[in-house]
Amino acid sequence: MLGLIDGKGNEKMKQLIDLRTNVLDVAVRQINEHTELRINYKLEKVGRSYKNIVFTVKPQALATPIPFAWWPPFRTYQVFSKPTTTTPPASWMNCASPM
């Protein structure tokens, strides 16, 4: 399944260190760098030999957004020499995006 046996039936990786350095560590590093996942693994022993590989998958911490203040949500321009009011009409408050 992992392609660890060549065409003649011989094992390609005879020791666990070969599997760890050439397959597991490379794959985990690439996944952590290029995806939004944080992957780690742990080898479990049964007796003297390793029997299980346990993978942990967590979401990677995204970059924290920089807060910015956009109040007031509109820009007021003085069109007339004497504005009649300092606040915009109530119909302007329903705008979806700031001007």
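- No option in V54, V57, T56 other than T56 meets the side-chain contact (heavy atoms from CB on, under 4.5 Å) test with N40.
- Legend: residues meeting side chain to side chain contact (heavy atoms under 4.5 Å, CB included) with E11, ordered by chain and number and at least two apart, are absent.
- Taking the side chain as every heavy atom from C-beta outward, R29 and D25 never approach each other to under 4.5 Å.
- Under the 4.5 Å side-chain heavy-atom criterion for Ile, Leu, Val, Met, Phe, Trp and Tyr, F55 and L16 are members of the same hydrophobic cluster.
- Remark: N22 engages no residue in a side chain to side chain donor-acceptor pair (under 3.5 Å) (not counting sequence neighbours).
- Contact between N32 and L37 at its shortest, heavy atoms only, is OD1-O, 3.5 Å.
- Of all the heavy atoms in T21 and V26, the pair that sits closest is O-CG2, 3.4 Å.
- Linking ILVMFWY side-chain heavy atoms closer than 4.5 Å, directly or via other members, places I17 and V28 in two distinct hydrophobic clusters.
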Using residues 46-53 as the side-chain source, report each donor-acceptor pair under 3.5 Å to any protein atom, sequence neighbours left out, with the distance given to one decimal.
residue : atom : partner : partner atom : Å
N52     : ND2  : E44     : OE1          : 3.3

